[in-house]
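Below: one structure, written as structure tokens.
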Amino acid sequence: MKILVSGAGMAGLATGMDLTATGHDVTVIERAQHLRTNGSPIDIRGEALDVAENMGILRQLQDSRVSTTDLSVFIDGAGNVIAALPVQEINDTADDIEIAREDLARILHAGLDEHTPVVFGESIRSLHDDGTGVDVVFASGKTDRFDLVVGADGMHSITRRLTFGPEGDYLEHLGFYVALTDLPSARGEAGSNPFLNWPGHMIGIARYKNEALGVLNFRHDWIDYDYHDLDVQKQILFDTFGDHHEWRVPEILDAVARDPELYFDSVSQIHMDDWAKGRVVLVGDAAHCASNLSGRGASLAILGAWRLAQALRDHPDDLDSVYEQYEVLHRPSVDKAQAFARPGGDLVMPATHEALELRNARLRDMATDIGGAE
Ligand SMILES: Cc1cc2nc3c(=O)[nH]c(=O)nc-3n(C[C@H](O)[C@H](O)[C@H](O)COP(=O)(O)OP(=O)(O)OC[C@H]3O[C@@H](n4cnc5c(N)ncnc54)[C@H](O)[C@@H]3O)c2cc1C
């Protein structure tokens, strides 16, 4: 089949790799001018580890392992450690692999066949599915026709919007926002990764390899803003965190001001009854974003890509059967990951002083029970 994959994030790259390996003629397009590799390290867990092995990339993932989450601690405004993050509540198994986003993207990108280049700076402008193929008009003005279009273009997927309707029909805001900024001033520092809370807020530093990120999280109802406007995103962060001068908050906000690649988004989920319509099918966050609080977005992306490719291999001439198999095999993993995310906000950003105190007391008790982590 001649297949277009929209988006070169983890889902798009994995889909490109799996479909190319299955013998399809695949084109991957990415709106950005380069692979978007910033962001905090992400986890490959559970069944996704088996898929990684089948894809032939497990050893590379293991060799690139980092331990950012394991080293996370909650601190007070003076920088003193209050409690450790309960990683035993977060990880599926000890085999889980935490890996820098750039390393995962690099490994998946390298796994694409030489005949499957990623076309950067390109996006779908419109698509028309006539039942036998999909005519695509690209933002560049070029046109082409495909047997199948795979939307792997993230939570704000244009493929979903053009095929299934407005984002608002599928997006559930969980009540939080997240931002990640490059923090050059903290590179190379040793020790644990500190996170400071006040009610409804968390700000901290995540270090891995020789990199350092400022991490900002806060509770807020849905904010209507242009999510392509970086200046607006930064202003929201200044308004939210700017009154706080304790610990290293000003240093992190200074980094926000300087970062041309700041990552900022609502913590939301995508819920859809169907991930496919005609000759258009969705994978990864475009289909079923579970949010960063699930810690399972990248695993779901890799799993979904593999299951879709497998279904296309099992039913080469019958898209209905492809979609049915993809749905039956993948839906339970999605439901589990989406459910896992829900309590995550209360753990990392308790809403009130009382809830914060309770959380810290619980974590201190747990640390004592398991032998006195920090
Ligand atoms: C820059 C960035 C940083 C992130 N950081 C974190 C993090 O720190 N922690 C975390 O848990 N999750 C993070 N995520 C989300 C995480 O990567 C996903 O939840 C997970 O990996 C699933 O990946 P995905 O490929 O479905 O979606 P994404 O990783 O969101 O990838 C979607 C890709 O599609 C591209 N795209 C979007 N619109 C179009 C379009 N119209 N045409 C073509 N391409 C398009 C995007 O540029 C992106 O490369 C981040 C995502 C991005 C894009």
Side-chain angles (χ1 to χ4, degrees), residues 4-17 27-45 48 66 68-69 90 98-102 104-105 108-109 118-127 136 138-140 149-163 167 176 178-182 206 208 211 213-217 227-228 230 233 259-270 275 282-305 308 334 337-338 340-341 344 348:
L4 174 68
V5 178
S6 171
M10 306 311 150
L13 293 170
T15 305
M17 217 180 135
T27 303
V28 182
I29 59 167
E30 163 60 46
R31 187 183 55 201
Q33 298 293 345
H34 53 84
L35 279 187
R36 299 189 66 201
T37 56
N38 57 326
S40 61
I42 46 187
D43 299 279
I44 309 299
R45 305 174 186 280
V66 296
T68 314
T69 309
I90 296 169
E98 187 176 18
I99 182 171
R101 279 189 93 251
E102 64 258 37
L104 181 56
L108 292 172
H109 191 208
V118 177
V119 181
F120 290 101
E122 189 60 289
S123 177
I124 298 174
R125 182 189 296 163
S126 68
L127 38 80
V136 177
F138 294 99
S140 62
V149 173
V150 181
D153 31 21
M155 187 166 85
H156 304 295
S157 168
I158 189 156
T159 311
R160 186 183 60 237
R161 182 161 58 78
L162 292 172
T163 309
E167 180 171 298
F176 309 97
V178 57
L180 301 157
T181 183
D182 189 28
Y208 60 97
E211 299 295 325
L213 292 171
V215 181
L216 304 96
N217 285 272
Y227 58 78
H228 294 308
L230 193 62
Q233 298 174 3
D259 190 349
E261 297 262 348
L262 176 86
Y263 173 73
F264 179 88
D265 214 331
S266 80
V267 176
S268 295
Q269 295 188 336
I270 296 293
W275 297 321
L282 304 176
V283 291
D285 281 4
H288 47 59
C289 181
S291 87
N292 63 324
L293 290 174
S294 81
R296 281 155 178 77
S299 296
L300 281 185
I302 288 173
L303 272 172
L308 178 63
V334 169
Q338 291 190 327
F340 192 90
V348 298

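All ligand and atom numbering here is 1-based and tracks the order in the structure.
- Of the protein's non-hydrogen atoms, R36 NH1, 3.6 Å is the one closest to atom 53 (C) of ligand 1.
- Considering backbone and side-chain atoms together, S40 places an N or O closer than 3.5 Å to an N or O of ligand 1.
- Remark: I158 CD1 to S6 OG distance equals 7.5 Å, nearest 0.5 Å.
- The line from NE2 of H288 to CD1 of I270 is 11.0 Å long, rounded to the nearest 0.5 Å.
- For atom 6 (C) of ligand 1, the choice among H228, H288, R101, R161 with the nearest heavy atom turns out to be R101.
- An N or O contact shorter than 3.5 Å is missing between I158 and ligand 1 by distance.
- Of all protein heavy atoms, the one lying nearest to atom 31 (O) of ligand 1 is G9 CA, 3.5 Å.
- Counting atoms of ligand 1 from 1 in the listed order, those under 4.0 Å from a heavy atom of G154 are 27 (O), 30 (O), 32 (C).
- Atoms of ligand 1 lying under 4.0 Å from at least one heavy atom of E122, given by number and element, are 42 (N), 43 (C).
- Near N292, meaning under 4.0 Å from one of its heavy atoms, ligand 1 places the atoms 10 (C), 11 (O).
- From the protein, the heavy atom lying nearest to atom 25 (O) of ligand 1 is A11 N, 2.9 Å.
- Of the listed options M10, R31, E30, E30 places a heavy atom closest to atom 35 (C) of ligand 1.
- When V28, D153, L282 are checked for heavy-atom proximity to atom 45 (C) of ligand 1, D153 turns out nearest.
- Under the 30°/60° scheme for interplanar angles, the aromatic rings of F120 and H109 are found to stand perpendicular.
- Side-chain N or O atoms of S123 include none that pairs as donor or acceptor with a backbone N or O of R31 at under 3.5 Å.
- Per-residue contacts place L180 under 4.0 angstrom from the following atoms of ligand 1 (heavy atoms of the residue considered): 5 (N), 7 (C), 8 (O).
- Side-chain atoms of Q338 do not come within 3.5 Å of backbone N or O of Q269 as any donor-acceptor pair.
- Interatomic distance, OG of S40 versus CG of N292, reported as 7.5 Å (0.5 Å rounding).
- Every atom of ligand 1 with a heavy atom of A152 under 4.0 Å away is listed here by number and element: 32 (C), 33 (C), 34 (O).
- The closest protein non-hydrogen atom to atom 1 (C) of ligand 1 is N38 OD1, 3.2 Å.
- Considering all non-hydrogen atoms of both residues, V283 and A11 come closest at CG2-CB, 4.0 Å.
- When the heavy atoms of S123, C289, G284 are ranked by distance to atom 40 (C) of ligand 1, first place goes to S123.
- Between E211 atom CD and D182 atom CG the span is 6.5 Å, to the nearest 0.5 Å.
- Considering only heavy atoms from C-beta on, L213 stays 4.5 Å or farther from Y263 through its side chain.
- Atom CZ of residue R160 and atom CG of residue D285 lie 9.0 Å apart, to the nearest 0.5 angstrom.
- Looking only at heavy atoms of the protein, atom 26 (O) of ligand 1 is closest to D285 N, 2.8 Å.
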